[in-house]
Amino acid sequence: MIERRARTDDPRELPAYTISEAAHYLSLPAATIRYWSVGRDGHAPLIAAPEGSPTLLSFLNLAELHVLAAIRRTHEVKMRSIREAIRYLAEHAKRRADKRHPLIGRDLESDGLDLFSERYGELVNIGRAGQTAMRDVMSAALRRIDRDPGGIPIKLYPFTRPALDDAPSIVVIDPSLSAGRPVIAGTGLATQVIAERYKAGESVQALAEDYGLKDAEIDAAIRCELLIAA
């Protein structure tokens, strides 16, 4: 079983994001985020969100949902099987933190990826090629998570393009910056500020010149805020 009690002394575990905000940052329907985070029709959630009403998600939850979203975009995943594979991963995790958040555990980047993909493959009867594809997708998502020396995620670089293998790591979500809202990496400049100016009629080139940034950085910020959820 995945533990639900949060470490309230760690800001990465504190409730910080609404369902709608998480859906917005990850470009997913809010109904999908709610299903994964809260459960539905008697089905358990896929992640251990902080307890509370209304439901608020932590930064670590956001990182877990980021991994789930990558799988969803490239595979027609079966939620019951994903749930069982996550439970299996948690049971085999070596550290307490990884048992609580198995989808972003440090061990997942090594043996855990094989463990998860093989278990899921067994549950839905997909072959080695399908398991390898899932492993590659999860690996790509995990590479967009920075960790502290203890292996706990500290930064998330959300995908800002539909193609997962061609998405620059320009926008970052860091719980220590801008109240955990997306910013352009290395600047602290909130993507929302850029998107609002863009919606008001300012061009990408003008905004890039104003902030001393590259067009690609401005474009990524706009994509983060205005990309339509899948």
Side-chain angles (χ1 to χ4, degrees), residues 2-17 21-22 25-28 33 36-37 46-50 56-74 82 85-117 119 134-161 164-165 167-188 190-191 220 224:
I2 298 175
E3 301 177 23
R4 293 193 60 80
R5 183 172 58 83
R7 288 177 50 202
T8 55
D9 61 329
D10 188 336
R12 294 168 294 188
E13 287 271 22
L14 295 176
Y17 306 95
E21 286 173 330
Y25 299 151
L26 299 176
S27 300
L28 286 171
I33 296 295
W36 292 352
S37 306
L46 299 178
I47 64 173
L56 291 175
L57 305 174
S58 70
F59 168 75
L60 295 183
N61 291 151
L62 204 64
E64 293 174 292
L65 292 167
H66 158 79
V67 176
L68 280 171
I71 300 173
R72 180 185 185 271
R73 291 192 180 101
T74 52
I82 285 287
I86 291 173
R87 183 180 296 115
Y88 184 76
L89 194 63
E91 289 173 353
H92 288 77
K94 300 175 183 177
R95 305 186 312 168
R96 185 181 180 87
D98 294 349
K99 288 182 179 295
R100 176 170 168 74
H101 300 289
L103 282 172
I104 51 173
R106 167 60 84 186
D107 291 340
L108 186 63
E109 292 183 296
S110 52
D111 296 341
L113 278 177
D114 288 326
L115 192 69
F116 181 92
S117 58
R119 179 59 174 170
M134 174 169 284
R135 187 190 190 284
D136 290 346
V137 167
M138 292 181 69
S139 179
L142 288 167
R143 286 197 298 270
R144 302 178 74 86
I145 297 174
D146 286 351
R147 301 171 185 272
D148 66 15
I152 307 299
I154 53 175
K155 296 179 182 179
L156 167 65
Y157 297 84
F159 290 107
T160 56
R161 294 178 181 274
L164 304 190
D165 58 352
S169 298
I170 294 174
V171 171
V172 63
I173 297 176
D174 181 339
S176 68
L177 292 176
S178 192
R181 272 51 193 171
V183 301
I184 294 180
T187 71
T191 56
C224 174

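Predicted, not measured: the structure shown is a model, and the values here were computed from it.
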Please report the shortest heavy-atom distance between D174 and I154, naming the atom on each side. OD1-O, 3.7 Å

Can you list the steps and then say if H101 with N61 is a side-chain contact (heavy atoms from CB on, under 4.5 Å)? CA-CA 8 Å; H101 300 289; N61 291 151; 3.9 Å; yes

Distance-minimising heavy-atom pair for L60 and I104: O-CD1, 3.6 Å

By side chain to side chain contact (heavy atoms under 4.5 Å, CB included) - contacts of A190 (at least two apart): S178, V193

Working for side-chain contact (heavy atoms from CB on, under 4.5 Å), residues L65 and L28: CA-CA 10 Å; L65 292 167; L28 286 171; 5.9 Å; no

Rounded to the nearest 0.5 Å, what separation is found between the CD1 atom of I82 and the CH2 atom of W36? 8.5 Å

Determine the sole option in R106, R12, R147 for which the side chain to side chain contact (heavy atoms under 4.5 Å, CB included) test with I152 is passed. R12

Sorted by chain and residue number, the salt bridge (Lys or Arg N to Asp or Glu O under 4.0 Å) partners of R143 (sequence neighbours excluded) come out as none

Gap separating the CE atom of M134 from the CE atom of M138, nearest 0.5 angstrom: 7.5 Å

How long is the span from the CG atom in L56 to the CD atom in E21, to the nearest 0.5 Å? 8.5 Å

Could you list the residues that satisfy side chain to side chain contact (heavy atoms under 4.5 Å, CB included) with V172, not counting sequence neighbours? K155, Y157, V183, A185

Specify the closest pair of heavy atoms between R144 and A140, including all atoms of both residues, with the distance to one decimal. CG-O, 3.5 Å

How would you list, by chain and number, every residue that makes a side chain to side chain contact (heavy atoms under 4.5 Å, CB included) with A141, sequence neighbours excluded? H66, V67, A70, F159

Does D98 have any salt bridge (Lys or Arg N to Asp or Glu O under 4.0 Å) partners at least two apart in sequence or in another chain, and if so, which? R95

Among residues at least two apart in sequence or on other chains, which ones pass side chain to side chain contact (heavy atoms under 4.5 Å, CB included) with P182? Y25, V171, I173, T191, C224, E225

What is the minimum heavy-atom distance between A85 and F116, and which atoms define it? CB-CE1, 3.6 Å

Find the distance between CG (L103) and CD1 (I86) and round it off to the nearest 0.5 Å. 4.0 Å

Minimum-distance pair of heavy atoms, taken over all atoms of L26 and L62: CD1-O, 4.1 Å

Shortest non-hydrogen contact between A220 and T160, atoms and distance: O-CG2, 3.8 Å

